[in-house]
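For reference, the structure is listed below as structure tokens.
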Amino acid sequence: MQKLIIPGGIPLHGEIAISGAKNAALPVLCAALLTQDSLKINNVPVLQDITTMLSLLKQMGTSITGHNASEIILSAAELTNLVAPYEMVKTMRAAILVLGPLLARAGEANISLPGGCAIGLRPVDQHIKGLQAMGAEISIKHGYIHAVAKKLHGARIVFDIVTVTGTENLMMAATLADGTTILENAAREPEIVDLANCLNAMGAKVHGAGSDIITIEGVPSLHGAEHTVMPDRIETGTFLVAATATGGEIHLKDTDSHLLDAVLDKLTEAGAHIDSGENWIHLKMHSKPKSVNLRTAPYPAFPTDMQAQFMSLNCIANGTAIITETIFENRLMHVQELKRMNANIKVEGNAAIVYGISHLDGAHVMATDLRASASLVIAGLIAQGETVIDRIYHLDRGYENIESKLSVLGAQIRRAR
Ligand code: EPU
């Protein structure tokens with residue numbers, strides 16, 4: 001199994017470009033199932049989750065071509081297979097995003113139930129409830145969600161809980177439904193706006209994305225389009241935290257500071273100096289960070305996908321921080337690993353109390369999920385001595401070329417088998 005080896009203690013300096021957003025690209029790829037025509041997607045990051053999604057779409061009959069890895073043309077002229085098998089859904093929960101498009105276009109879908117995952121139970125009851133309200137008949141058989149609907153119809157759906165992929169799934173399904181669908185208590189994440197822009201370019205009538213009420217007027221069919229995926233706000237935030245924690249100075253291109261206000265506020269509170277322009281962010285940090293409290297919540301509040309990275313920053317900050325995770329019930333697994341590096345953290349329920357110490361010690365640690373892996377990389381970069389991170393396949397699911405980007409910024413990092 002591959003591992004990363006990081007001799008710590010080097011401040012990050014330099015300039016890198018940010019990739020397209022994983023969590024925007026995944027639903028946009030699935031939108032290709034909604035039309036017989038070709039969908040050209042630019043700025044698709046080269047990641048394991050994207051490869052998994054492309055092979056799932058291929059199995060369903062989608063042809064995939066591209067001039068280069070980040071520019072892909074998908075054509076689902078005919079859907080030949082309406083099944084998302086367990087082997088794929090278990091490695092990538094976002095496979096559930098094919099449910100809405102398949103049902104809307106082909107009238108049927110058979111998707112393996114995702115089941116639990118490392119960061120929490122993550123049920124899909126809201127996806128199912130919404131599709132049922134739109135007229136789908138859904139049964140769970142042999143671990144699969146079997147959904148059938150001759151023609152979906154518009155409905156008013158109030159989510160019990162704010163769900164990102166739930167909102168995306170129903171938004172896609174509603175584009176081809178008879179009549180108007182209103183999604184209330186919808187997720188407001190920028191990735192939802194990106195998907196709505198893509199769907200509208202395909203001829204859909206989606207209004208209000210980015211607010212908690214989204215209205216979708218169904219149309220008889222969608223057509224081909226070209227879409228450029230938004231920058232990855234979590235990759236952006238991860239590099240900014242790494243630069244802050246190591247006391248460096250970095251310039252990030254091809255990103256958008258407006259996507260991460262809550263994160264930039266916390267970095268400023270920690271002592272970083274941040275400048276930004278239309279598509280760049282510059283961060284300078286020349287002091288020891290101050291501890292920052294944070295509480296994760298749906299957008300525009302502080303993102304759960306940045307919680308672990310800030311935990312590493314707080315480990316070596318001046319003061320004590322309380323980090324509260326409200327989205328997922330088991331997303332503090334990195335605490336145990338950070339403790340192996342001498343961090344002083346106490347967990348109470350869904351909160352971690354992080355007592356800042358002078359430095360972390362390099363150690364052998366294990367990545368448990370994608371963002372936990374990122375937190376361990378940051379911890380490795382600031383630690384005294386060498387850190388070895390096992391199970392880095394998690395990292396490859398969501399960060400494009402992380403080692404080469406960190407190397408450009410001066411980090412000593414290498415991969416070993
Ligand atoms: N939930 C339910 N029922 C549902 C759906 C969700 O109870 O039907 C619960 C979940 O268990 C969780 C909460 O609602 O406690 C929020 O989950 P959500 O559905 O919003 O998460 P998701 O759509 O499965 C996306 C991202 C995650 C990110 C979360 C929260 C994608 C592909 N994934 O997941 O990204 O953490 O939203 O912002 O967009 C990551 O990139 O590392 C990652 C995990």
Side-chain angles (χ1 to χ4, degrees), residues 19-30 45 47-50 52-53 56 89 91-100 111 113-133 138 140 145 157-172 183 185-195 212 229-230 232-238 259-260 262-263 296-309 325-331 333-334 350 367-375 393-400 402:
S19 301
K22 166 180 84 80
N23 290 347
L26 289 169
V28 163
L29 291 174
C30 296
L47 300 170
Q48 189 51 48
D49 273 10
I50 298 292
T52 308
M53 185 62 91
L56 176 61
V89 183
T91 59
M92 187 193 59
R93 295 179 48 89
I96 189 74
L97 283 166
V98 299
L99 174 59
I111 316 293
L113 265 176
C117 78
I119 61 177
L121 284 173
R122 302 180 79 180
V124 289
D125 56 305
Q126 299 300 306
H127 304 233
I128 293 174
K129 177 184 113 162
L131 292 171
Q132 282 171 329
I138 298 186
I140 311 285
I145 305 167
I157 296 154
V158 183
F159 289 102
D160 299 336
I161 190 164
V162 178
T163 158
V164 176
T165 50
T167 302
E168 290 163 347
N169 233 339
L170 297 191
M171 203 163 87
M172 287 192 277
L183 303 179
N185 196 23
R188 292 182 282 165
E189 269 65 3
E191 290 76 12
I192 306 238
V193 179
D194 203 55
L195 174 63
D212 60 358
V229 173
M230 61 177 268
D232 197 313
R233 64 192 168 100
I234 306 302
E235 187 199 19
T236 304
T238 301
L259 300 172
L260 59 173
V263 169
T296 66
Y299 192 84
F302 189 90
T304 173
D305 290 343
M306 285 301 304
Q307 175 259 107
Q309 299 88 320
E325 171 58 52
T326 76
I327 304 290
F328 293 111
E329 63 271 27
N330 192 28
R331 213 178 196 182
M333 281 172 300
H334 39 286
N350 65 343
T368 48
D369 67 76
L370 171 57
R371 307 305 171 185
S373 316
S375 79
Y393 56 84
H394 291 291
L395 207 58
D396 296 332
R397 290 186 44 208
Y399 288 92
E400 182 174 48
I402 189 160

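Worth knowing before you read on, the calculation uses all heavy atoms, side chains too, and leaves out hydrogens, waters and symmetry mates. Small disclaimer: the values here were computed from a predicted structure and weren't measured. Each ligand, and each atom within it, is numbered from 1 in the order the structure gives.
- Rounded to the nearest 0.5 Å, atoms OG1 (Thr326) and CZ (Arg331) are 11.5 Å apart.
- Nearest to atom 32 (C) of ligand 1 among the protein's heavy atoms is Asn23 OD1, 3.4 Å.
- The side chain of Asp305, and not its backbone, has at least one atom closer than 4.0 Å to an atom of ligand 1 (non-hydrogen atoms only; side chain from C-beta on).
- Ranking protein heavy atoms by distance to atom 24 (O) of ligand 1, first place goes to Arg122 NH2, 3.0 Å.
- In the vicinity of Gln126, heavy-atom distances shorter than 4.0 Å reach the ligand 1 atoms 3 (N), 4 (C), 8 (O).
- Looking only at protein heavy atoms, the nearest one to atom 3 (N) of ligand 1 is Asp125 OD1, 2.7 Å.
- Summary of contacts: the protein heavy atom closest to atom 25 (C) of ligand 1 is Val164 CB, 3.9 Å.
- Residue contacts with ligand 1, taken as heavy atom pairs separated by less than 4.0 Å, involve Ile161 solely via side-chain atoms from C-beta onward.
- Here the straight-line distance linking atom CZ of Arg233 with atom OH of Tyr299 works out to 6.5 Å at 0.5 Å rounding.
- Considering only non-hydrogen protein atoms, atom 19 (O) of ligand 1 sits nearest to Thr163 OG1, 2.7 Å.
- In Arg331, the part holding a heavy atom less than 4.0 Å from any atom of ligand 1 is the side chain.
- Nearest non-hydrogen protein atom to atom 1 (N) of ligand 1 is Pro123 O, 3.9 Å.
- With a 4.0 Å heavy-atom cut-off, ligand 1 is reached by no atom of Glu191.
- Close approach of ligand 1 to Thr304 is summarised as follows: ligand atoms under 4.0 Å from at least one heavy atom of the residue are 30 (C), 36 (O), 38 (O).
- Remark: minimum distance from atom 42 (O) of ligand 1 to any protein heavy atom is reached at Arg371 NE, 2.9 Å.
- Remark: minimum distance from atom 22 (P) of ligand 1 to any protein heavy atom is reached at Thr165 OG1, 3.5 Å.
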